[in-house]
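Written below as C-alpha coordinates is the structure these notes are about.
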Amino acid sequence: MARKLAFSLRLRLLTSYLALLMITLSVIAMALLLLIGGRRAPHAPTYERLAALTQGLNYLDFIAHLPFGRDRLQAQVYELLDVFAQTRAVRTLHIGVTREGPIMLYDSAGKYTPGARIQLRGEVYHNEQLAKVLGRGSEQLFGSFVDPDGGEWLYAGVMFGQQRGFGGRIAGNDLWLLAEPQPTVSLHETLAVFGNALAPPLLQAGIAGILFALLLAALISRTIAQPLQRVAKAATGVARGDDSVNVPVSGPPELRSLAESFNHMTAEVRAANAAQRDFLSNVSHDLKTPLTSIQGYAQAIVDGAADDPQAAAQIIYEEASRLNRMVVELTHLEQLQAGKLSMQGERIDMARLCEGVVNSLQVVAAQGHIQLTTDLSPVPDILGDGDRLAQVLTNLVSNALKFTPAGGVVRVAVARSGGGAKVTVRDSGVGIARGDLPRIFERFYQADKARGPQRGNGLGLAIAQEIVEAHEGRLSAESGGEGCGAEFVVWLPEVDAV
(Lines give C-alpha, C1' and ligand atoms only; values in the text may rest on other atoms or scores of the structure.)
Protein backbone atom coordinates (compact mmCIF):
# COMPACT_ATOMS: atom_id res chain seq x y z
CA MET A 1 0.00 0.00 0.00
CA ALA A 2 2.82 2.40 0.91
CA ARG A 3 4.65 1.62 -2.36
CA LYS A 4 1.48 2.12 -4.36
CA LEU A 5 0.84 5.45 -2.62
CA ALA A 6 4.43 6.62 -3.15
CA PHE A 7 4.37 5.55 -6.83
CA SER A 8 1.08 7.37 -7.38
CA LEU A 9 2.43 10.49 -5.69
CA ARG A 10 5.65 10.35 -7.71
CA LEU A 11 3.70 9.92 -10.95
CA ARG A 12 1.46 12.85 -10.10
CA LEU A 13 4.42 15.06 -9.24
CA LEU A 14 6.21 14.09 -12.45
CA THR A 15 3.09 14.71 -14.52
CA SER A 16 2.54 18.07 -12.82
CA TYR A 17 6.13 19.16 -13.50
CA LEU A 18 5.90 18.16 -17.17
CA ALA A 19 2.52 19.86 -17.59
CA LEU A 20 3.86 23.02 -15.97
CA LEU A 21 6.92 22.91 -18.23
CA MET A 22 4.85 22.47 -21.39
CA ILE A 23 2.48 25.27 -20.42
CA THR A 24 5.43 27.56 -19.65
CA LEU A 25 7.15 26.79 -22.96
CA SER A 26 3.89 27.32 -24.86
CA VAL A 27 3.29 30.68 -23.18
CA ILE A 28 6.88 31.75 -23.89
CA ALA A 29 6.59 30.71 -27.55
CA MET A 30 3.26 32.52 -28.01
CA ALA A 31 4.52 35.64 -26.29
CA LEU A 32 7.69 35.58 -28.40
CA LEU A 33 5.73 35.27 -31.63
CA LEU A 34 3.30 38.00 -30.65
CA LEU A 35 6.05 40.35 -29.55
CA ILE A 36 8.08 39.76 -32.69
CA GLY A 37 5.02 39.86 -34.92
CA GLY A 38 3.67 43.11 -33.53
CA ARG A 39 6.89 45.06 -33.09
CA ARG A 40 7.95 47.95 -35.27
CA ALA A 41 10.45 47.21 -37.98
CA PRO A 42 13.83 49.00 -37.91
CA HIS A 43 13.86 52.40 -39.65
CA ALA A 44 17.08 51.86 -41.59
CA PRO A 45 15.66 49.71 -44.46
CA THR A 46 12.87 52.24 -45.02
CA TYR A 47 15.36 55.14 -45.00
CA GLU A 48 17.57 53.33 -47.51
CA ARG A 49 14.65 52.69 -49.83
CA LEU A 50 13.38 56.28 -49.58
CA ALA A 51 16.94 57.60 -50.11
CA ALA A 52 17.22 55.53 -53.32
CA LEU A 53 13.90 56.92 -54.55
CA THR A 54 15.09 60.42 -53.70
CA GLN A 55 18.16 59.90 -55.86
CA GLY A 56 15.91 58.77 -58.73
CA LEU A 57 13.76 61.85 -58.35
CA ASN A 58 16.87 64.03 -58.69
CA TYR A 59 15.57 67.13 -56.96
CA LEU A 60 18.37 69.34 -58.32
CA ASP A 61 17.30 68.86 -61.91
CA PHE A 62 13.65 68.73 -60.95
CA ILE A 63 13.58 72.20 -59.40
CA ALA A 64 16.40 73.80 -61.39
CA HIS A 65 13.96 75.54 -63.68
CA LEU A 66 11.45 76.41 -61.00
CA PRO A 67 11.25 80.05 -59.84
CA PHE A 68 11.85 80.51 -56.09
CA GLY A 69 8.74 82.56 -55.57
CA ARG A 70 6.17 80.24 -53.95
CA ASP A 71 3.31 81.99 -55.67
CA ARG A 72 4.83 81.07 -59.03
CA LEU A 73 5.19 77.29 -58.48
CA GLN A 74 3.58 75.70 -61.46
CA ALA A 75 0.67 73.32 -61.02
CA GLN A 76 2.23 70.79 -63.38
CA VAL A 77 5.08 70.28 -60.90
CA TYR A 78 2.66 68.88 -58.32
CA GLU A 79 1.05 66.82 -61.08
CA LEU A 80 4.45 65.26 -61.76
CA LEU A 81 4.89 64.60 -58.04
CA ASP A 82 1.48 62.93 -57.98
CA VAL A 83 2.52 60.65 -60.83
CA PHE A 84 5.79 59.86 -59.06
CA ALA A 85 3.97 59.06 -55.82
CA GLN A 86 1.50 56.76 -57.56
CA THR A 87 4.09 54.91 -59.64
CA ARG A 88 6.54 54.48 -56.74
CA ALA A 89 3.90 53.81 -54.06
CA VAL A 90 5.22 56.60 -51.85
CA ARG A 91 3.91 59.84 -50.47
CA THR A 92 5.42 63.11 -51.70
CA LEU A 93 5.38 66.32 -49.72
CA HIS A 94 6.54 69.85 -50.31
CA ILE A 95 7.01 71.89 -47.14
CA GLY A 96 7.99 75.46 -46.71
CA VAL A 97 9.94 76.54 -43.64
CA THR A 98 8.90 79.85 -42.10
CA ARG A 99 9.88 81.61 -38.93
CA GLU A 100 6.82 80.07 -37.28
CA GLY A 101 7.81 76.53 -38.34
CA PRO A 102 7.19 74.07 -41.19
CA ILE A 103 4.04 74.72 -43.28
CA MET A 104 2.56 72.21 -45.72
CA LEU A 105 2.54 73.40 -49.32
CA TYR A 106 1.72 70.14 -51.06
CA ASP A 107 0.73 66.63 -49.90
CA SER A 108 0.13 63.90 -52.45
CA ALA A 109 -1.98 62.00 -49.86
CA GLY A 110 -4.21 65.02 -49.34
CA LYS A 111 -4.28 64.64 -45.55
CA TYR A 112 -2.75 68.06 -45.00
CA THR A 113 -4.30 71.12 -46.58
CA PRO A 114 -1.97 73.79 -47.96
CA GLY A 115 -0.91 76.15 -45.20
CA ALA A 116 -1.38 73.58 -42.41
CA ARG A 117 1.39 73.21 -39.86
CA ILE A 118 3.23 69.90 -39.55
CA GLN A 119 5.42 68.63 -36.72
CA LEU A 120 8.50 66.83 -38.01
CA ARG A 121 10.68 64.65 -35.76
CA GLY A 122 14.19 64.36 -37.09
CA GLU A 123 16.46 61.33 -36.69
CA VAL A 124 20.21 61.13 -37.00
CA TYR A 125 20.84 59.17 -40.18
CA HIS A 126 23.10 59.67 -43.20
CA ASN A 127 23.10 58.09 -46.65
CA GLU A 128 26.43 58.26 -48.53
CA GLN A 129 24.94 57.70 -51.95
CA LEU A 130 22.40 60.50 -51.50
CA ALA A 131 25.15 62.81 -50.23
CA LYS A 132 27.07 62.33 -53.51
CA VAL A 133 24.03 63.30 -55.57
CA LEU A 134 23.13 66.40 -53.56
CA GLY A 135 25.05 69.57 -54.11
CA ARG A 136 26.17 72.24 -51.72
CA GLY A 137 23.47 74.23 -50.01
CA SER A 138 21.28 71.20 -49.63
CA GLU A 139 20.77 68.86 -46.69
CA GLN A 140 19.40 65.29 -46.47
CA LEU A 141 16.75 64.75 -43.84
CA PHE A 142 15.37 61.64 -42.17
CA GLY A 143 12.73 61.27 -39.48
CA SER A 144 9.02 60.74 -38.82
CA PHE A 145 5.74 62.59 -38.45
CA VAL A 146 2.17 61.82 -37.40
CA ASP A 147 -0.85 62.51 -39.58
CA PRO A 148 -3.90 64.34 -38.21
CA ASP A 149 -5.65 60.94 -38.20
CA GLY A 150 -2.86 59.37 -36.08
CA GLY A 151 -0.99 57.48 -38.80
CA GLU A 152 2.80 57.29 -38.33
CA TRP A 153 5.09 57.91 -41.31
CA LEU A 154 8.83 57.77 -41.98
CA TYR A 155 10.29 60.31 -44.36
CA ALA A 156 13.49 60.97 -46.28
CA GLY A 157 14.12 64.08 -48.27
CA VAL A 158 16.12 67.14 -49.12
CA MET A 159 16.11 70.69 -47.82
CA PHE A 160 17.34 73.60 -49.91
CA GLY A 161 18.45 76.76 -48.16
CA GLN A 162 21.42 78.33 -46.43
CA GLN A 163 20.64 77.56 -42.77
CA ARG A 164 20.80 74.05 -41.29
CA GLY A 165 18.21 72.44 -39.01
CA PHE A 166 14.56 73.22 -38.35
CA GLY A 167 15.05 75.76 -35.56
CA GLY A 168 15.41 79.39 -36.55
CA ARG A 169 15.21 78.68 -40.30
CA ILE A 170 14.88 81.72 -42.57
CA ALA A 171 11.88 82.11 -44.83
CA GLY A 172 12.22 80.65 -48.30
CA ASN A 173 13.71 77.25 -47.45
CA ASP A 174 12.04 74.25 -49.11
CA LEU A 175 11.67 70.69 -47.93
CA TRP A 176 10.99 67.96 -50.50
CA LEU A 177 10.08 64.72 -48.77
CA LEU A 178 9.21 61.16 -49.69
CA ALA A 179 7.32 59.20 -46.98
CA GLU A 180 6.15 55.66 -46.24
CA PRO A 181 3.99 54.35 -43.40
CA GLN A 182 5.81 53.20 -40.28
CA PRO A 183 6.37 49.49 -41.06
CA THR A 184 5.63 46.70 -38.59
CA VAL A 185 6.75 43.09 -38.73
CA SER A 186 3.75 40.78 -39.11
CA LEU A 187 3.62 37.29 -37.67
CA HIS A 188 3.52 35.86 -41.17
CA GLU A 189 6.63 37.80 -42.18
CA THR A 190 8.38 36.73 -38.99
CA LEU A 191 7.65 33.08 -39.65
CA ALA A 192 8.61 33.45 -43.30
CA VAL A 193 11.93 35.16 -42.56
CA PHE A 194 13.00 33.35 -39.39
CA GLY A 195 11.03 30.10 -39.53
CA ASN A 196 13.48 28.05 -41.56
CA ALA A 197 16.49 29.47 -39.76
CA LEU A 198 15.26 29.41 -36.17
CA ALA A 199 12.76 26.53 -36.09
CA PRO A 200 15.29 23.64 -36.08
CA PRO A 201 17.55 25.02 -33.31
CA LEU A 202 14.53 26.11 -31.28
CA LEU A 203 12.99 22.66 -31.65
CA GLN A 204 16.26 21.01 -30.67
CA ALA A 205 16.64 23.31 -27.68
CA GLY A 206 13.04 22.58 -26.63
CA ILE A 207 13.56 18.81 -26.82
CA ALA A 208 16.81 19.09 -24.85
CA GLY A 209 15.06 21.26 -22.26
CA ILE A 210 12.17 18.80 -21.94
CA LEU A 211 14.54 15.85 -21.48
CA PHE A 212 16.56 17.73 -18.88
CA ALA A 213 13.39 18.87 -17.12
CA LEU A 214 12.10 15.29 -17.19
CA LEU A 215 15.27 14.06 -15.48
CA LEU A 216 15.18 16.90 -12.97
CA ALA A 217 11.46 16.35 -12.28
CA ALA A 218 12.11 12.64 -11.69
CA LEU A 219 14.86 13.48 -9.18
CA ILE A 220 12.73 16.08 -7.40
CA SER A 221 9.66 13.82 -7.26
CA ARG A 222 11.81 11.01 -5.91
CA THR A 223 13.28 13.33 -3.28
CA ILE A 224 9.77 14.23 -2.13
CA ALA A 225 8.17 10.80 -2.54
CA GLN A 226 10.83 8.73 -0.78
CA PRO A 227 10.45 10.38 2.66
CA LEU A 228 6.68 10.21 2.29
CA GLN A 229 6.96 6.54 1.37
CA ARG A 230 9.00 5.89 4.51
CA VAL A 231 6.45 7.73 6.63
CA ALA A 232 3.56 5.83 5.01
CA LYS A 233 5.33 2.49 5.60
CA ALA A 234 6.09 3.40 9.20
CA ALA A 235 2.48 4.52 9.74
CA THR A 236 1.29 1.15 8.44
CA GLY A 237 3.61 -0.52 10.95
CA VAL A 238 2.25 1.58 13.81
CA ALA A 239 -1.31 0.73 12.74
CA ARG A 240 -0.38 -2.95 12.98
CA GLY A 241 0.91 -2.51 16.50
CA ASP A 242 4.61 -1.91 15.92
CA ASP A 243 5.25 1.34 17.79
CA SER A 244 9.05 0.97 17.75
CA VAL A 245 9.49 2.34 14.21
CA ASN A 246 11.19 5.63 13.45
CA VAL A 247 11.76 7.34 10.11
CA PRO A 248 14.99 9.10 9.06
CA VAL A 249 14.84 12.88 9.22
CA SER A 250 15.90 13.98 5.74
CA GLY A 251 14.79 15.97 2.72
CA PRO A 252 13.35 19.50 2.46
CA PRO A 253 12.42 21.38 5.67
CA GLU A 254 8.73 20.50 5.34
CA LEU A 255 9.47 16.77 5.02
CA ARG A 256 12.01 16.95 7.85
CA SER A 257 9.35 18.54 10.02
CA LEU A 258 6.91 15.77 9.01
CA ALA A 259 9.44 13.08 9.94
CA GLU A 260 10.20 14.74 13.27
CA SER A 261 6.48 15.02 14.05
CA PHE A 262 5.95 11.37 13.13
CA ASN A 263 8.84 10.25 15.35
CA HIS A 264 7.47 12.37 18.17
CA MET A 265 4.05 10.80 17.63
CA THR A 266 5.46 7.26 17.75
CA ALA A 267 7.33 8.13 20.94
CA GLU A 268 4.06 9.36 22.44
CA VAL A 269 2.32 6.19 21.23
CA ARG A 270 5.01 4.06 22.84
CA ALA A 271 4.68 5.97 26.10
CA ALA A 272 0.89 5.72 25.97
CA ASN A 273 1.03 1.98 25.26
CA ALA A 274 3.52 1.45 28.09
CA ALA A 275 1.32 3.49 30.44
CA GLN A 276 -1.72 1.50 29.34
CA ARG A 277 0.06 -1.80 29.95
CA ASP A 278 1.24 -0.64 33.36
CA PHE A 279 -2.23 0.67 34.13
CA LEU A 280 -3.85 -2.66 33.29
CA SER A 281 -1.21 -4.54 35.22
CA ASN A 282 -1.43 -2.32 38.28
CA VAL A 283 -5.19 -1.98 38.35
CA SER A 284 -5.61 -5.74 37.91
CA HIS A 285 -3.20 -6.31 40.80
CA ASP A 286 -4.90 -3.70 42.97
CA LEU A 287 -8.30 -5.21 42.21
CA LYS A 288 -7.16 -8.78 42.55
CA THR A 289 -5.76 -8.45 46.09
CA PRO A 290 -8.91 -7.10 47.82
CA LEU A 291 -11.20 -9.26 45.70
CA THR A 292 -9.21 -12.37 46.65
CA SER A 293 -9.45 -11.43 50.33
CA ILE A 294 -13.18 -10.74 50.04
CA GLN A 295 -13.78 -13.99 48.20
CA GLY A 296 -11.67 -16.06 50.61
CA TYR A 297 -13.16 -14.70 53.83
CA ALA A 298 -16.67 -14.79 52.43
CA GLN A 299 -16.20 -18.44 51.45
CA ALA A 300 -14.86 -19.21 54.94
CA ILE A 301 -17.92 -17.64 56.54
CA VAL A 302 -20.26 -19.54 54.19
CA ASP A 303 -18.47 -22.83 54.88
CA GLY A 304 -18.36 -22.14 58.63
CA ALA A 305 -14.59 -22.45 58.56
CA ALA A 306 -13.90 -18.97 59.94
CA ASP A 307 -12.60 -19.04 63.48
CA ASP A 308 -13.88 -15.51 64.05
CA PRO A 309 -16.66 -14.62 61.61
CA GLN A 310 -16.85 -11.06 62.94
CA ALA A 311 -13.14 -10.47 62.23
CA ALA A 312 -13.58 -12.00 58.77
CA ALA A 313 -16.53 -9.71 58.10
CA GLN A 314 -14.45 -6.72 59.23
CA ILE A 315 -11.73 -7.63 56.73
CA ILE A 316 -14.34 -7.96 53.99
CA TYR A 317 -15.70 -4.52 54.91
CA GLU A 318 -12.23 -2.91 54.86
CA GLU A 319 -11.31 -4.43 51.49
CA ALA A 320 -14.68 -3.38 50.03
CA SER A 321 -14.10 0.13 51.39
CA ARG A 322 -10.69 0.15 49.73
CA LEU A 323 -12.28 -0.82 46.41
CA ASN A 324 -14.88 1.90 46.86
CA ARG A 325 -12.18 4.52 47.53
CA MET A 326 -10.36 3.38 44.42
CA VAL A 327 -13.48 3.76 42.29
CA VAL A 328 -14.21 7.19 43.79
CA GLU A 329 -10.65 8.37 43.14
CA LEU A 330 -10.72 7.05 39.58
CA THR A 331 -13.98 8.90 39.04
CA HIS A 332 -12.47 12.10 40.42
CA LEU A 333 -9.40 11.67 38.23
CA GLU A 334 -11.44 11.18 35.08
CA GLN A 335 -13.59 14.22 35.92
CA LEU A 336 -10.48 16.31 36.53
CA GLN A 337 -8.91 15.27 33.25
CA ALA A 338 -12.15 15.94 31.41
CA GLY A 339 -12.58 19.32 33.17
CA LYS A 340 -15.97 18.28 34.53
CA LEU A 341 -15.15 18.51 38.24
CA SER A 342 -16.27 21.88 39.57
CA MET A 343 -13.91 23.88 41.78
CA GLN A 344 -14.47 26.87 43.97
CA GLY A 345 -12.54 30.05 43.37
CA GLU A 346 -11.48 32.07 46.42
CA ARG A 347 -8.44 33.90 47.74
CA ILE A 348 -6.23 31.49 49.67
CA ASP A 349 -3.23 32.12 51.90
CA MET A 350 -1.01 29.12 51.14
CA ALA A 351 1.05 29.64 54.31
CA ARG A 352 -2.03 29.29 56.50
CA LEU A 353 -3.32 26.35 54.45
CA CYS A 354 0.02 24.51 54.78
CA GLU A 355 0.11 25.24 58.49
CA GLY A 356 -3.34 23.68 58.93
CA VAL A 357 -2.41 20.55 56.95
CA VAL A 358 0.85 20.09 58.89
CA ASN A 359 -0.91 20.49 62.23
CA SER A 360 -3.47 17.83 61.26
CA LEU A 361 -0.67 15.37 60.45
CA GLN A 362 1.53 15.99 63.49
CA VAL A 363 -0.10 13.03 65.26
CA VAL A 364 0.83 10.71 62.36
CA ALA A 365 4.39 12.06 62.41
CA ALA A 366 4.65 11.52 66.17
CA GLN A 367 3.43 7.93 65.83
CA GLY A 368 6.17 7.24 63.30
CA HIS A 369 8.78 9.10 65.37
CA ILE A 370 9.33 11.54 62.48
CA GLN A 371 10.10 15.23 62.88
CA LEU A 372 7.59 17.30 60.85
CA THR A 373 8.73 20.95 60.55
CA THR A 374 7.61 24.04 58.63
CA ASP A 375 9.23 27.15 57.20
CA LEU A 376 6.38 29.49 56.31
CA SER A 377 7.18 32.83 54.67
CA PRO A 378 4.59 35.47 53.66
CA VAL A 379 3.40 34.80 50.09
CA PRO A 380 0.79 36.43 47.83
CA ASP A 381 -2.71 35.03 47.85
CA ILE A 382 -3.64 32.54 45.16
CA LEU A 383 -7.05 31.96 43.62
CA GLY A 384 -8.31 28.41 43.98
CA ASP A 385 -10.32 25.72 45.72
CA GLY A 386 -9.09 25.39 49.31
CA ASP A 387 -10.43 21.86 49.83
CA ARG A 388 -8.79 20.53 46.66
CA LEU A 389 -5.46 22.20 47.45
CA ALA A 390 -5.61 20.85 51.00
CA GLN A 391 -6.13 17.40 49.42
CA VAL A 392 -2.96 17.91 47.36
CA LEU A 393 -0.86 19.01 50.35
CA THR A 394 -2.24 16.21 52.54
CA ASN A 395 -1.31 13.66 49.91
CA LEU A 396 2.23 15.01 49.53
CA VAL A 397 2.92 15.26 53.27
CA SER A 398 1.30 11.87 53.97
CA ASN A 399 3.48 10.23 51.31
CA ALA A 400 6.56 11.90 52.75
CA LEU A 401 5.71 10.54 56.23
CA LYS A 402 4.93 7.09 54.82
CA PHE A 403 8.32 6.75 53.07
CA THR A 404 10.43 8.31 55.82
CA PRO A 405 11.79 5.91 58.45
CA ALA A 406 11.72 6.60 62.19
CA GLY A 407 14.10 9.38 63.16
CA GLY A 408 13.76 11.07 59.79
CA VAL A 409 12.66 14.61 58.97
CA VAL A 410 9.92 15.97 56.76
CA ARG A 411 10.08 19.69 56.05
CA VAL A 412 7.31 21.80 54.51
CA ALA A 413 8.35 25.25 53.22
CA VAL A 414 6.31 28.05 51.67
CA ALA A 415 8.02 30.90 49.79
CA ARG A 416 7.34 33.47 47.12
CA SER A 417 8.63 32.52 43.64
CA GLY A 418 8.11 33.75 40.07
CA GLY A 419 4.88 35.67 40.57
CA GLY A 420 3.27 33.06 42.77
CA ALA A 421 3.54 30.81 45.82
CA LYS A 422 5.84 27.79 45.97
CA VAL A 423 5.26 24.95 48.44
CA THR A 424 8.12 22.47 48.95
CA VAL A 425 7.71 19.13 50.73
CA ARG A 426 11.12 17.61 51.42
CA ASP A 427 11.76 14.30 53.22
CA SER A 428 14.79 12.28 54.22
CA GLY A 429 13.16 8.97 53.32
CA VAL A 430 13.83 6.12 50.92
CA GLY A 431 13.94 8.36 47.84
CA ILE A 432 12.84 7.57 44.30
CA ALA A 433 14.86 5.60 41.76
CA ARG A 434 15.84 7.61 38.68
CA GLY A 435 14.01 5.17 36.41
CA ASP A 436 10.78 5.65 38.38
CA LEU A 437 10.96 9.44 38.72
CA PRO A 438 9.49 10.35 35.27
CA ARG A 439 6.45 8.06 35.82
CA ILE A 440 5.38 8.67 39.39
CA PHE A 441 2.47 10.87 38.28
CA GLU A 442 0.95 8.12 36.11
CA ARG A 443 -2.22 6.43 37.28
CA PHE A 444 -1.64 3.24 39.32
CA TYR A 445 2.12 3.55 38.91
CA GLN A 446 3.90 2.67 42.17
CA ALA A 447 7.63 3.01 42.57
CA ASP A 448 7.73 0.61 45.53
CA LYS A 449 6.01 -2.52 44.24
CA ALA A 450 6.92 -4.65 47.27
CA ARG A 451 5.05 -2.87 50.02
CA GLY A 452 2.39 -5.55 50.20
CA PRO A 453 -1.16 -4.98 51.32
CA GLN A 454 -0.31 -1.66 53.00
CA ARG A 455 0.67 0.05 49.79
CA GLY A 456 -1.56 2.68 48.18
CA ASN A 457 -3.45 2.45 44.94
CA GLY A 458 -1.19 4.72 42.87
CA LEU A 459 -3.81 7.40 42.21
CA GLY A 460 -2.92 10.07 44.76
CA LEU A 461 -0.13 11.79 42.83
CA ALA A 462 -2.05 11.61 39.55
CA ILE A 463 -5.02 13.33 41.19
CA ALA A 464 -2.74 15.88 42.87
CA GLN A 465 -1.14 16.79 39.54
CA GLU A 466 -4.53 17.22 37.85
CA ILE A 467 -5.74 19.50 40.68
CA VAL A 468 -2.60 21.66 40.52
CA GLU A 469 -2.76 21.96 36.72
CA ALA A 470 -6.45 22.87 36.99
CA HIS A 471 -5.24 25.86 39.05
CA GLU A 472 -2.77 26.74 36.23
CA GLY A 473 0.09 25.65 38.45
CA ARG A 474 2.88 23.08 38.29
CA LEU A 475 3.73 19.98 40.35
CA SER A 476 7.19 18.46 40.04
CA ALA A 477 9.34 15.91 41.86
CA GLU A 478 13.08 15.53 42.39
CA SER A 479 15.19 12.89 44.04
CA GLY A 480 18.84 12.00 44.18
CA GLY A 481 17.98 8.32 43.94
CA GLU A 482 17.21 5.53 46.39
CA GLY A 483 18.06 6.41 49.98
CA CYS A 484 18.47 10.13 49.18
CA GLY A 485 14.97 11.35 50.03
CA ALA A 486 12.59 13.17 47.73
CA GLU A 487 11.30 16.68 47.16
CA PHE A 488 7.91 17.66 45.72
CA VAL A 489 7.31 21.25 44.63
CA VAL A 490 3.92 22.89 44.03
CA TRP A 491 3.85 26.28 42.31
CA LEU A 492 0.62 28.29 42.01
CA PRO A 493 0.20 31.73 40.40
CA GLU A 494 -0.87 34.66 42.57
CA VAL A 495 -4.30 36.17 42.17
CA ASP A 496 -3.24 39.07 39.93
CA ALA A 497 -1.38 36.69 37.59
CA VAL A 498 -4.34 34.35 37.04
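These numbers come from a predicted model, not from an experiment. For reference, positions follow the sequence shown, starting with 1.
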task = Start with the C-alpha gap between V146 and Q119, add the side-chain angles, then the distance that decides, and say whether side chain to side chain contact (heavy atoms under 4.5 Å, CB included) holds.
result = CA-CA 8 Å; V146 179; Q119 183 69 33; over 6 Å; no

task = Begin from the C-alpha positions of L389 and I348 and carry the test side chain to side chain contact (heavy atoms under 4.5 Å, CB included) through to its verdict.
result = CA-CA 10 Å; L389 293 176; I348 299 173; 3.9 Å; yes

request  = Could you walk me through whether L141 and L120 pass the side chain to side chain contact (heavy atoms under 4.5 Å, CB included) test, one step at a time?
outcome  = CA-CA 10 Å; L141 302 174; L120 299 176; over 6 Å; no

Derivation of the side chain to side chain contact (heavy atoms under 4.5 Å, CB included) call for V430 and E482 = CA-CA 6 Å; V430 297; E482 296 182 6; over 6 Å; no

query = Given Y125 and E48, is the side-chain hydrogen bond (donor to acceptor under 3.5 Å, both in side chains) satisfied, shown in steps?
reply = CA-CA 10 Å; Y125 189 81; E48 290 292 331; 2.3 Å; yes

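The line from OG1 of T46 to CZ of F142 is 11.5 Å long, rounded to the nearest 0.5 Å. Rounding to the nearest 0.5 Å places CD of E487 at 12.5 Å from OG of S428. A distance of 14.5 Å separates CZ of R426 from CG of D375, quoted to the nearest 0.5 Å. In this structure, the separation between CD on E260 and NE2 on H264 is 11.0 Å, given to the nearest 0.5 Å. Interatomic distance, CG of N395 versus NZ of K402, reported as 8.0 Å (0.5 Å rounding). Taken to the nearest 0.5 Å, the CH2 atom of W153 stands 13.0 Å off from the OG atom of S144.
When side chains are defined from C-beta on, M350 counts as touching I382, because their heavy atoms get closer than 4.5 Å. Put simply, the side chain of W491 reaches to within 4.5 Å of the side chain of P493, judged on heavy atoms. In this structure, Q465 and V392 have side chains that are not in contact, with every pair of non-hydrogen atoms separated by 4.5 Å or more. Under the 4.5 Å side-chain criterion, counting only non-hydrogen atoms from C-beta, E355 is in contact with L376. Put simply, the side chain of T373 does not reach to within 4.5 Å of the side chain of V410, judged on heavy atoms.
In terms of heavy-atom proximity, I432 sits nearest to A486 at CD1-CB, 4.0 Å. In terms of heavy-atom proximity, L393 sits nearest to C354 at CD1-SG, 3.5 Å.
In this structure a side-chain-to-backbone donor-acceptor pair under 3.5 Å is missing from D147 to D149. A donor-acceptor pair under 3.5 Å is formed between the side chain of T266 and the backbone N or O of N263.
A donor atom on one side chain and an acceptor atom on the other are not found under 3.5 Å apart for E180 and Y47.
Counted within 6.0 Å of CZ on R117, heavy atoms from surrounding residues, nucleotides or ligands total more than 12; the atom is thus considered enclosed.
Of the residues listed (V468, L475, D381, L383), the one engaging L492 in a side-chain contact (heavy atoms from CB on, under 4.5 Å) is V468, and it is the only one.
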